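Computed from a predicted structure; not experimentally measured.
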Amino acid sequence: MSAETSHNPAYLLRTLVSAVKRASGQFKGVLINGMHGAGKHTLLAALSDARPCVSLLTNRERQLAQDDPEAFLTTPPLPVTIEEFQRAHALSCELKTALDDTKDRGRLWLTASERLGYRNPLEESLAGRLAFYDLFPLSLYELAGQGLGQKPWKPTGTLTRGTLPAMTAGDVWERIWFGSMPGLNPPRPLNRN
């Protein structure tokens, strides 16, 4: 983990961190898709505090990515994080070329907030080059500070109890009230009274 996670008490360790680290060592890039506010930027910033980050939410960056994708990718050069990638479809071909021109792994991290309309063409053009992940709002394990202890659920026909303690009625109400979005859930232990 970077300095951000060790010095930022407001960071909730996400279950997906291990998978993204692993994928960055196996693929040339990683794309994390999720709704606005799910924590995509925070997760990637926690993995690398030195990697430049460009957001396509700004008009200037988005226009450059659309009009001159080659120039866009040279400032800053790879490795880079590009946020809201779905806003510049013209960038896909240039990214494919840039990734094909390197043997390095983990050079490109992308985020997107739009599930429909970009994924199929993107998967076709960047298949084998990017690992694709969906980031959902915080799980109960992540809210309890046990994000790395969460195991993927598999439909085996049996439901086993995880390592989290049973929730009280107050805990359930708190989850309903605050929801699971990271910005509304600062790290705090669930009420165990």
Side-chain angles (χ1 to χ4, degrees), residues 1-58 61-62 65 73 76-88 91-92 95 98-99 104-116 118-119 122-123 126 129-153 162-164 175 178-190:
M1 272 313 121
S2 73
E4 181 172 331
T5 56
S6 59
H7 294 96
N8 184 354
Y11 178 73
L12 288 168
L13 193 59
R14 304 301 300 265
T15 303
L16 198 56
V17 159
S18 301
V20 171
K21 276 186 186 179
R22 193 170 41 255
S24 286
Q26 296 171 340
F27 291 86
K28 294 180 181 183
V30 174
L31 183 135
I32 299 178
N33 183 61
M35 63 181 72
H36 288 285
K40 300 176 298 290
H41 170 83
T42 305
L43 184 149
L44 292 177
L47 289 173
S48 173
D49 52 6
R51 181 180 290 243
C53 180
V54 179
S55 174
L56 295 181
L57 288 175
T58 65
E61 299 294 345
R62 184 174 55 253
L73 285 178
L78 299 178
V80 67
T81 298
I82 301 173
E83 295 186 332
E84 299 301 325
F85 173 71
Q86 80 280 358
R87 293 177 177 266
L91 202 50
S92 293
L95 286 176
L99 292 175
D104 295 338
R105 305 292 182 214
R107 304 284 289 162
L108 179 66
W109 290 346
L110 303 169
T111 71
S113 298
E114 181 183 300
R115 187 160 181 83
L116 300 174
Y118 85 91
R119 194 140 190 182
L122 182 61
E123 284 182 356
L126 297 174
R129 296 165 185 86
L130 294 181
F132 293 83
Y133 293 99
D134 288 315
L135 184 66
F136 296 100
L138 295 165
S139 70
L140 291 176
Y141 281 84
E142 291 167 336
L143 285 166
Q146 298 180 31
L148 294 180
Q150 185 173 5
K151 302 291 183 235
W153 180 79
T163 58
L164 292 178
R175 281 304 96 236
F178 284 103
S180 296
M181 296 304 283
L184 301 176
N185 287 283
R188 63 185 180 282
L190 292 174

- Task: Give a yes or no answer on whether the side chain of T15 reaches the backbone of G147 with a donor-acceptor pair at less than 3.5 Å.
- Result: yes

- Would you say the side chains of Q86 and S113 form a donor-acceptor pair under 3.5 Å? no

- Task: Kindly say whether L56 contributes a backbone atom to a donor-acceptor pair with the side chain of R62 at under 3.5 angstrom?
- Result: yes

- Check: L140 and R175 side chains under 4.5 Å, non-hydrogen atoms: yes

- Message: Quick check: do E83 and K40 have side-chain heavy atoms less than 4.5 Å from each other?
- Response: no

- Applying side-chain contact (heavy atoms from CB on, under 4.5 Å), run through L108 and V80 and close with a yes or a no. CA-CA 5 Å; L108 179 66; V80 67; 3.9 Å; yes

- Between R51 and R107, is there a donor-acceptor pair closer than 3.5 Å when you use the side chain of the first and the backbone of the second? yes

- Item | Min side-chain heavy-atom separation L44-V20 under 4.5 Å | yes

- Under 4.5 Å between any side-chain heavy atoms of L130 and L95, yes or no? no

- Nearest heavy-atom neighbours spanning L13 and E142: O-CG, 3.7 Å

- Does some side-chain heavy atom of M35 sit less than 4.5 Å from a side-chain heavy atom of P137? yes

- Note, F136 side chain near S180 side chain (heavy atom, < 4.5 Å): no

- Note on the structure: d(L16 CG, Q150 CD) to nearest 0.5 Å is 10.5 Å

- side-chain contact (heavy atoms from CB on, under 4.5 Å) assessment of L73 paired with I82: CA-CA 10 Å; L73 285 178; I82 301 173; 4.1 Å; yes

- Point-to-point distance, once rounded to the nearest 0.5 Å, from CZ of F132 to CG of L31: 6.0 Å

- Query: What's the spacing between R87 CZ and S55 OG if we round to 0.5 Å?
  - Reply: 8.0 Å

- Please step through side-chain contact (heavy atoms from CB on, under 4.5 Å) for the pair T111 and H41, ending with a clear verdict. CA-CA 8 Å; T111 71; H41 170 83; 5.9 Å; no

- Note: P52 and P79 closest approach over all heavy atoms is CD-O, 3.5 Å

- Query: Closest heavy-atom contact between N33 and A112?
  - Reply: OD1-O, 3.0 Å

- Rounding to 0.5 Å, atoms NZ (K21) and CG (L47) come to a distance of 6.5 Å

- Query: Is T42 reaching over with its side chain to a backbone N or O of G39, donor-acceptor style, under 3.5 angstrom?
  - Reply: no

- Pairwise side-chain contact, F85 with S92, heavy-atom cut-off 4.5 Å (strictly under): yes

- Query: Rounded to the nearest 0.5 Å, how far does CZ of R105 lie from CZ of F27?
  - Reply: 9.0 Å

- Item | Beyond-backbone contact of I32 with W109, side-chain heavy atoms, under 4.5 angstrom | no

- Over all atoms of both residues, closest heavy-atom pair of R14 and L135: NH2-CD1, 3.5 Å

- Task: Any chance you could measure L138, atom CG, to L143, atom CG, to the nearest 0.5 Å?
- Result: 4.5 Å

- Task: Take E84 and H36, measure what side-chain contact (heavy atoms from CB on, under 4.5 Å) needs, and give me the verdict at the end.
- Result: CA-CA 10 Å; E84 299 301 325; H36 288 285; 3.7 Å; yes

